Trainee: 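Before we start, here is the structure in question, set down as structure tokens.
Values in this document were obtained by computation on a predicted structure and should not be read as measured data.
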Amino acid sequence: MYAPEEAKETITWQQFEQTDIRVGTIVEVNAFPEARKPAYKLTVDLGPLGIKRSSAQITKHYTPEELVGQQVLCVVNLDKKQIGKYISEVLVTGFEDENRDIVLAQPASKVPNGSKLI
């Protein structure tokens, strides 16, 4: 049976405020066959922050066609991460389901691209 991890140790409010989480709209999705685990290459419009790229292991719940136009929550102030020959510029967030497959974290209603999670 699947059991989520225990909560991490408490951090300060100031530590939390250092994480910059913004909403963006997925504008392009491509296959990522070179990835070790099934994944897509995403292009995300973050409004005033520009267009950013990300890799996401979300192939179990989403097809490329249904992802285009969806808004997602992205951590935008992490270092870039190289995945094979691909550079991921933002972290698209989500939750593990009972099978450990990723379900995207998304706003309940459409908001302007680049809006900050507060």
Side-chain angles (χ1 to χ4, degrees):
M1 180 174 201
Y2 172 72
E5 291 181 24
E6 294 293 320
K8 304 283 185 194
E9 66 181 72
T10 302
I11 62 173
T12 67
W13 187 257
Q14 288 176 321
Q15 288 171 314
F16 173 73
E17 287 178 325
Q18 291 177 5
T19 305
D20 193 358
I21 302 173
R22 305 286 182 117
V23 71
T25 299
I26 298 172
V27 294
E28 186 177 355
V29 181
N30 293 297
F32 194 1
E34 335 52 283
R36 282 189 224 150
K37 295 182 181 179
Y40 295 130
K41 294 177 183 178
L42 306 178
T43 303
V44 182
D45 180 354
L46 288 153
L49 299 177
I51 304 293
K52 303 290 183 182
R53 301 183 320 158
S54 185
S55 170
Q57 296 173 1
I58 54 174
T59 60
K60 294 289 185 183
H61 290 292
Y62 307 95
T63 65
E65 297 79 21
E66 68 185 336
L67 285 168
V68 173
Q70 289 200 40
Q71 288 194 306
V72 291
L73 298 178
C74 302
V75 181
V76 299
N77 64 332
L78 290 173
D79 286 337
K80 293 177 183 176
K81 183 174 184 180
Q82 185 160 357
I83 304 165
K85 294 181 180 180
Y86 187 75
I87 302 293
S88 184
E89 300 172 299
V90 297
L91 173 67
V92 173
T93 63
F95 302 93
E96 286 185 337
D97 68 9
E98 63 278 353
N99 297 314
R100 305 196 78 150
D101 297 318
I102 303 300
V103 176
L104 290 170
Q106 300 178 285
S109 299
K110 190 168 176 82
V111 296
N113 288 337
S115 296
K116 185 173 175 31
L117 178 70
I118 54 172

Trainee: Got a second to check how far Leu42's CG is from Lys52's NZ, nearest 0.5 Å?
Mentor: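 Those atoms lie 15.0 Å apart.
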Trainee: Would a hydrophobic clustering, with Ile, Leu, Val, Met, Phe, Trp and Tyr connected at side-chain separations under 4.5 Å, put Leu78 with Val72?
Mentor: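 Leu78 does not cluster with Val72.
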Trainee: Count the heavy atoms of every other residue, nucleotide or ligand shown that sit under 6.0 Å from NZ of Lys80, and state whether that count exceeds 12.
Mentor: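 It does not: Lys80 NZ has 12 such atoms or fewer within range.
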Trainee: Measuring from Arg36:CZ to Ile83:CD1, what's the distance to the nearest 0.5 Å?
Mentor: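 Spacing of CZ (Arg36) from CD1 (Ile83) equals 10.0 Å.
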Trainee: Are the side chain of Tyr62 and the backbone of Val103 linked by a donor-acceptor contact shorter than 3.5 Å?
Mentor: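 No; zero donor-acceptor contacts below 3.5 Å.
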Trainee: Tell me whether Val23 shares a hydrophobic cluster with Ile102, the cluster being built from Ile, Leu, Val, Met, Phe, Trp, Tyr side chains joined at under 4.5 Å.
Mentor: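 Looking at the clustering, Ile102 is in a separate group from Val23.
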Trainee: Run Thr19 and Val75 through side-chain contact (heavy atoms from CB on, under 4.5 Å) and show every step you take.
Mentor: CA-CA 7 Å; Thr19 305; Val75 181; 4.1 Å; yes
Trainee: To check you understand the geometry: which heavy-atom pair defines the closest contact between Ala35 and Ala39, and what is its length?
Mentor: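 Here Ala35 and Ala39 meet closest at CB-CB, 4.1 Å.
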Trainee: Checking side-chain contact (heavy atoms from CB on, under 4.5 Å) for the pair Gln71/Lys110: CA distance, chi angles, key distance, verdict?
Mentor: CA-CA 7 Å; Gln71 288 194 306; Lys110 190 168 176 82; 3.5 Å; yes
Trainee: Between Arg53 (side chain) and Lys41 (backbone), is there a donor-acceptor pair under 3.5 Å?
Mentor: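 No.
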Trainee: State, to 0.1 Å, how close Gly47 and Asp45 come at their nearest heavy-atom pair, and which atoms those are.
Mentor: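 For Gly47 and Asp45, the tightest heavy-atom pair comes out as N-OD1, 2.8 Å.
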Trainee: Return the CG to SG distance between Leu46 and Cys74, rounded to the nearest 0.5 Å.
Mentor: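 One gets 5.0 Å once the value is rounded to the nearest 0.5 Å.
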Trainee: Do Val29 and Ile87 sit in the same hydrophobic cluster, where Ile, Leu, Val, Met, Phe, Trp and Tyr count as joined when their side-chain heavy atoms come under 4.5 Å apart?
Mentor: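 Each belongs to a different hydrophobic cluster.
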Trainee: Is there a continuous path of hydrophobic side-chain contacts, each under 4.5 Å between heavy atoms, that joins Leu91 to Tyr86?
Mentor: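 They do not share one cluster, since no chain of ILVMFWY contacts under 4.5 Å joins Leu91 to Tyr86.
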Trainee: Which residue is it: Leu67, Val92, Asn30? I am looking for the one with a side chain to side chain contact (heavy atoms under 4.5 Å, CB included) to Tyr40.
Mentor: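 Result: among Leu67, Val92, Asn30, Leu67 is the only option passing the side chain to side chain contact (heavy atoms under 4.5 Å, CB included) with Tyr40.
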Trainee: Find the distance between CD1 (Ile58) and CD (Gln70) and round it off to the nearest 0.5 Å.
Mentor: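 Nearest 0.5 Å value for the CD1-CD distance: 8.0 Å.
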Trainee: Looking at Glu9, Gln15, Lys8, Gln14, which hits side chain to side chain contact (heavy atoms under 4.5 Å, CB included) with Ile11?
Mentor: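 The side chain to side chain contact (heavy atoms under 4.5 Å, CB included) with Ile11 is passed solely by Gln15 among Glu9, Gln15, Lys8, Gln14.
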Trainee: Side chains of Asn113 and Thr25: is there a donor and an acceptor less than 3.5 Å apart?
Mentor: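 Checked: Asn113/Thr25 side chains pair up, N/O donor to acceptor below 3.5 Å.
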Trainee: Using side-chain heavy atoms (C-beta onward) and a distance below 4.5 Å, is Val76 in contact with Ile21?
Mentor: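 The answer is no; the side chains never approach within 4.5 Å.
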Trainee: Rounded to the nearest 0.5 Å, what's the gap from CD on Gln18 to CG on Asp20? Could you check?
Mentor: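 Answer rounded to 0.5 Å: 11.0 Å.
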Trainee: Counting N and O atoms only, with roles assigned by atom type, does the side chain of Ser54 sit under 3.5 Å from a partner on the main chain of Val90, one being a donor and the other an acceptor?
Mentor: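 Pair found, side chain donor or acceptor close to backbone of Val90.
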Trainee: May I ask you to test the Gln106-Leu73 pair for a side-chain heavy-atom distance under 4.5 Å?
Mentor: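 They are not in side-chain contact.
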Trainee: Can you confirm whether more than 12 heavy atoms, excluding those of Glu17, are under 6.0 Å from its CD atom?
Mentor: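 Yes, enclosed.
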Trainee: Taking the side chain from Gln82 and the backbone from Ser88, do they hold a donor-acceptor pair closer than 3.5 Å?
Mentor: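 Checking the backbone N and O of Ser88 against the side chain of Gln82, no donor-acceptor pair under 3.5 Å is found.
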Trainee: Counting N and O atoms only, with roles assigned by atom type, does the side chain of Asn99 sit under 3.5 Å from a partner on the main chain of Asp101, one being a donor and the other an acceptor?
Mentor: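 Pair absent, no side-chain N/O of Asn99 close to backbone of Asp101.
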Trainee: Kindly give the heavy-atom pair with the smallest separation between Gly114 and Pro48, and that separation in Å.
Mentor: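 Heavy atoms only, the tightest pair is CA-CD, 4.3 Å.
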Trainee: Hey, could you give me the CD/CD distance between Gln57 and Glu96, rounded to the nearest 0.5 Å?
Mentor: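 So the gap between those two atoms works out to 10.0 Å.
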